[in-house]
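First comes the structure, then the notes that go with it.
Remember, it's a predicted structure, so these values are computed and weren't measured experimentally. Order of the sequence lines fixes the chain letters, A, B, ..., with proteins taken first and strands second; residue numbering starts at 1 for each chain.
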Amino acid sequence: MEPNHILPVSFYNRPVLEVAPDLLGKKLVRLVNKKRISGWICETEAYDGDQDLACHARSGKTQRNAVMFGPPGRAYVYFTYGMHWCLNAVTGPEGYAAAVLLRAVFPIEGKSLIAELREGIAEKNWTNGPAKLTRSFAVNKDQNGANLTHSEDFLWIENGLRFPNNMIHTGPRIGIQNTPLPWRTIPWRFWITEDQLTERLQYKPG
DNA sequence: TTTACGATCTAT
DNA sequence: TAGATCGTAAAT
């Protein structure tokens, strides 16, 4: 483990619309029984404060979304659809409720551990969705509020690749069909393809 | 206390 | 395309 590679608070203490695309190509890391599970972050979404009517902070601070109002660089983990956990990275200054939803990663380390956590699921479907990702990384309510900027909470994000804006795909956020315009269609989802990632890794092996 | 719904996933 | 499944927050 290389603690110096962990993204610092300053990375997260910026507008969420900068942090969300910058997280593409960074490495999500989880420590389970002293074993590393990791993956390249390849899809994110930005949720930006109480004026964003798709953001959980739209109706103010509640017990559920309180972590989003706290300091940047923390994990906001919420429960949804009666059975799923989703993982976010809190951004911006304390008191401003914004976060990046981590929607998908490409697995790197700990694949045998993921295989146990995702028994019966094809490898290509392990981490290609926000709730699939949390299952594969053993993330649930216990990680809500975890500090992503050090290794002591066994969940963090390490520096990795940086993709220029003209390589990053954008589109509307997923699963917010009842959200009013313009928030329903504003292109605040960001992703890179597996081909783009492997091409970059040929020059900079990970 | 009751109700309606969800930043989803899976099988059909 | 619909069913699973239950915490959350707003409505009653």
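Between the CH2 atom of A/Trp85 and the P atom of C/dC6 there is a distance of 12 Å, given to the nearest Å. Nucleotide B/dC9 holds its C1' atom 14 Å from the CG atom of A/Leu101, rounded to whole Å. Between the CD1 atom of A/Ile174 and the C1' atom of B/dG6 there is a distance of 15 Å, given to the nearest Å. As rounded to whole Å, 14 Å separates atom P of C/dT8 from atom CE of A/Met68. For the pair A/Leu87 CG and B/dC9 P, the interatomic distance rounds to 13 Å; values are reported in whole Å. The interatomic distance linking A/Met83 (CE) with B/dT8 (C1') rounds to 8 Å, in whole Å. When the C1' atom of B/dA7 is taken as reference, atom NZ of A/Lys132 falls 15 Å away, rounded to whole Å. Distance, A/Phe79 CZ to C/dT5 C1': 7 Å, rounded to whole Å.
Phosphate contact (OP1/OP2 of B/dT8, side-chain N/O of A/Arg103, threshold under 4.0 Å): present. The shortest distance between the side-chain N/O atoms of A/Arg58 and the OP1/OP2 oxygens of C/dT8 is not below 4.0 Å. Using a 4.0 Å cut-off, some side-chain N or O of A/His56 falls inside it from OP1 or OP2 of B/dA7. Note on A/Asn178: a side-chain N or O is less than 4.0 Å away from OP1 or OP2 of B/dG6.
For A/Tyr47 and B/dA7, the ring-to-base geometry satisfies the stacking test (centroid distance below 5.5 Å, interplanar angle below 30°).
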With the criterion being N/O to N/O and under 3.5 Å, what pairs connect the protein with nucleotides 9-12 of chain C, and how long is each?
residue	atom	partner	partner atom	Å
C/dA9	OP1	A/Thr62	OG1	2.2
C/dA10	OP1	A/Ser59	OG	3.3

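Residue-environment remark: CD (A/Gln63) stays at or below the threshold of 12 foreign heavy atoms within 6.0 Å. A 6.0 Å sphere centred on CZ of A/Arg162 holds no more than 12 heavy atoms belonging to other residues, nucleotides or ligands.
No donor-acceptor contact under 3.5 Å links the side chain of A/Tyr81 to the base of C/dA4.
Between the side chains of A/Asn144 and A/Tyr78, not a single donor N or O lies within less than 3.5 Å of an accepting N or O. Side-chain contact of A/Asn128 with A/Lys124: a donor-acceptor pair under 3.5 Å is absent, judged by distance alone.
The salt bridge (charged side-chain N to carboxylate O under 4.0 Å, His left out) test applied to A/Arg14 returns A/Glu18, A/Asp22, not counting sequence neighbours.
When heavy atoms are screened at a 4.0 angstrom cut-off, A/Ala54 is found touching base atoms of the nucleic acid.
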If you apply the rule salt bridge (charged side-chain N to carboxylate O under 4.0 Å, His left out), what do you find for A/Arg173 with A/Glu45, and how did you get there? CA-CA 7 Å; A/Arg173 294 171 292 181; A/Glu45 282 177 0; 5.6 Å; no
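For the pair A/Lys141 and A/Phe79, the minimum side-chain heavy-atom distance is 4.5 Å or more.
For the side-chain hydrogen bond (donor to acceptor under 3.5 Å, both in side chains) test with A/Ser136, the passing option among A/Arg30, A/Arg118, A/Lys111 is A/Arg118; the others fail.
For A/His84, counting side-chain heavy atoms from C-beta on, the closest listed nucleotide (B/dA7, B/dT8, C/dA4) is B/dT8. Candidate nucleotides B/dT10, B/dC9, B/dA7 were compared by shortest atom distance to the side chain of A/Ile121, and B/dT10 ranks first.
When all heavy atoms are compared, the tightest approach of A/Glu43 to A/Leu24 is N-CD2, 3.6 Å.
Both tests hold for A/Lys27 against A/Trp40: distance to the six-membered ring centre under 6.0 Å, angle to the ring axis within 45°.
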Would you write out the dot-bracket form of DNA chain C, 5' to 3', with Watson-Crick and G-U pairs under 3.5 Å, [ ] for crossing pairs, | for pairs to other strands and . for unpaired bases? ||||.||||||.
